[in-house]
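A, B, ... follow the sequence lines: proteins, then strands. Residue 1 opens every chain.
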Protein chains: 2
Amino acid sequence: MVVCSYYLELRYNIHLWIADMELYQLRTLVTVADAGNLTHAAERLYTSQPAISAHVKALEQELNVKLFDRTPKGMRLTAHGKILIEKAHSVLNAANELRIEASMLSGELAGAVKIGLNTNAEFLQLSKLHDQLISKSPQLKIQLSEGISVELLDEIRRGSIDGSFYFGSNSLKEVESIYLTSANIVVAGASKWKDQLNTATPADLAKLPWIYPVPFCPYHDFVNTLFEDVAEKPKWTADASSESSMNVLLRSGVGIALIREDEAQPWVDEGLITLWQGQSFSLPLNFGYLKKRKQDPLIRALVQSVQESFEEA
Amino acid sequence: MVVCSYYLELRYNIHLWIADMELYQLRTLVTVADAGNLTHAAERLYTSQPAISAHVKALEQELNVKLFDRTPKGMRLTAHGKILIEKAHSVLNAANELRIEASMLSGELAGAVKIGLNTNAEFLQLSKLHDQLISKSPQLKIQLSEGISVELLDEIRRGSIDGSFYFGSNSLKEVESIYLTSANIVVAGASKWKDQLNTATPADLAKLPWIYPVPFCPYHDFVNTLFEDVAEKPKWTADASSESSMNVLLRSGVGIALIREDEAQPWVDEGLITLWQGQSFSLPLNFGYLKKRKQDPLIRALVQSVQESFEEA
DNA sequence: GCCTACTATCAGAATTCCCGATTGTTGATG
DNA sequence: CATCAACAATCGGGAATTCTGATAGTAGGC
């Protein structure tokens, strides 16, 4: 903020202060509007809640417009805020176009690419992807973030990651995808259930203790399909909050669960777990990115590298 | 700048740093491109040359594009720079639209208005203008900057002032104007030339010592008109770098000069100077503003206030 | 060959920005 | 009705960035 003081031939002093709006404040504005409250917006922007609060306050003061109604439930856009947030989006879009144009001109990509991972790095050929990207764009920094497919897709929509692997299908029209491969999903349990699993029908399976898949995980659909015709649905014995914890529970004999065949195989070989032979499912692995960024050189390079890393494999 | 460090299941560390482009850097970029060198750009932006230099450098590093060629004459846009500066303009225009939208919504104008003055405050009804603006928009801060008409018009074009008074005609197609009044310009000299001035023809006048008007001042045209048919052009005895210094020279008897009749009158009454009766000129006073900002509430309020302050008078 | 106009760089100063802790508010819950 | 949880605003101290003034380096004009 700059404060100046002028004295002309007049009888009064004239003060002026310029507190120019900045892009980081606009980024905060749209994030708060999307997140609905300061706390979540702060998390998304990797900063603190007071910082976010200050950004919004500064913008409101400078524009002389109340942008949000403060409620105990969070921040709700005012009518004026809704209008101005459209303009804020225009500004940020224009800024993005500048970045895109710059990366087209520079030829070599710089900055950072944020990639979402929905499962273990080996399956996603991450090492190959890394090599691909670095060989093409040595300046490029790679940021990885782990999560489950549905959340990662939402992060793409919000623009907080550039692209992401995900399992299953995609319901977001803003997100475009390429198909990479399919994973074979099988039913597995610790070795102690070997006999039961060998001869089991779906109805038998339902009587065994099941490990509940990650919420919103595409595995759910398979479970539903499996027990479609079974009257007595399976009992859930444990919750798994992530894929890896699910696998730990599986190996330690807590219950039966769905697992990717390639992940299961080493443990089968070691005799730790056993597979049900009745049925398996095909789960597509895709890579998604924001449709409107299709021409963005960063996205093009990313998608191409992902594709190549899977063609190699 | 944020620096993060991630460690996944991979064998390598991944570092990321985000240094987000900001509007102040784009404002600098555009100003440097227009000014042609860092020094002048720094003056326009009321900051120092090293600061400007750092902005440009940071942008170039982040975008990974060389924007300017550094020459001993200044900064010359590269081909890439020319492309990107268009995008930068888009961003700044979008940001301006946000501001305009906000001031339409807030009803009450806030922030600052920068007004250019080409002559003394009394003649421009500045006191009335101030009262007009403050009564309509108490929050509004007023900044004044003095200069000569041509430079002020250029400042309007560049957007460094919102509007300005100016004498004479305007050759900039980007600038729209309203006509306010006309000043009567007369030839005057110190009292010691009283006898000569009373009976002088233009040819006689040319023989007297003249005070050179401010460069690019519309007064020049009047001098040219006056001595159009005179073979022997007048001798310039002194340079006046501003209107007020010209008047000082005039009163102290250094030479003959053009002066606004309303300014001259008090001194005539005091017997300090005398006027030539041969011819006088009509010099229009206008108020200019950027054509594309015609709908901007700030501009509308400003132009309306200027108009009203002159209707009152 | 000197002078001028220009940009880049540096270390220190000034400013801004951010963080953690705290308070106050509201709505939900037992 | 009291308690608790979720949220935003505020404050002081600390961290980070930005700005400044001085200086060095470079090329063109006289």
Below 4.0 angstrom from OP1 or OP2 of D/dA9, is there any side-chain N or O of A/R70?
yes
What is the distance, rounded to the nearest whole Å, between atom CZ of B/R27 and atom P of D/dT18?
14 Å
With a 4.0 Å cut-off, would you call A/R44 and A/D34 a salt bridge?
yes
Rounded to whole angstrom units, what separation is found between the CD1 atom of B/I52 and the C1' atom of D/dT20?
12 Å
Look at A/T71 and D/dA8 and indicate whether a side-chain polar atom (N or O) is within less than 4.0 Å of OP1 or OP2.
no
If you compare every side-chain N and O of A/S53 against the phosphate oxygens of D/dA9 (OP1, OP2), does one of them come in below 4.0 Å?
yes
Nearest-nucleotide pick for B/P50, side chain only, options being D/dT10, D/dC19, C/dC10:
C/dC10
Whole-Å distance, B/N37 CG to C/dA8 C1', equals 14 Å
If only side-chain N and O atoms count, and only distance matters, is there a donor-acceptor pair under 3.5 Å linking A/T39 with A/Q49?
no
Establish, with yes or no, whether the OP1 or OP2 oxygen of C/dC18 is under 4.0 angstrom from a side-chain nitrogen or oxygen of A/T47.
no
N-O pairing of B/E22 and A/R27 below 4.0 Å
yes
Whole-Å distance separating the CD atom of A/E43 from the C1' atom of D/dC7:
13 Å
Indicate, with a heavy-atom threshold strictly under 4.0 Å, whether B/S48 touches base, sugar-phosphate, or nothing.
base
Can you tell me how far C1' of D/dT18 sits from CG of B/L45, to the nearest Å?
15 Å
Considering only side-chain heavy atoms of A/P72, which listed nucleotide, D/dC19, C/dT26, C/dA8, is closest?
C/dT26
May I have the distance from B/Q49 (atom CD) to D/dA22 (atom P), rounded to whole angstrom?
13 Å
From the list C/dC6, D/dC19, D/dA9, which nucleotide is the closest neighbour of the side chain of A/L38?
D/dA9
From CD of B/E22 across to P of C/dT16 the rounded distance in Å is 15 Å
Nearest to the A/K57 side chain among C/dC18, D/dT10, D/dG28, which nucleotide is it?
D/dT10
B/K73 has a side chain; which of D/dA8, C/dT7, D/dG29 sits nearest to it?
D/dG29
Assign B/Y24 to base, sugar-phosphate, or nothing according to its heavy-atom contacts below 4.0 angstrom with the strands shown.
sugar-phosphate
Taking C-beta and beyond as the side chain, do B/L302 and B/D162 meet within less than 4.5 Å on heavy atoms?
yes
Stepwise side chain to side chain contact (heavy atoms under 4.5 Å, CB included) check, A/S145 with A/E155:
CA-CA 10 Å; A/S145 97; A/E155 286 194 53; 4.3 Å; yes
Length of the line joining A/L77:CG and D/dA8:C1', which is rounded to integer Å:
16 Å
What's the closest nucleotide to the B/A51 side chain, out of D/dT20, C/dC18, C/dT7?
D/dT20
Hey, does the side chain of A/H40 come within less than 4.0 Å of D/dA6's phosphate (OP1/OP2), counting only N and O?
no
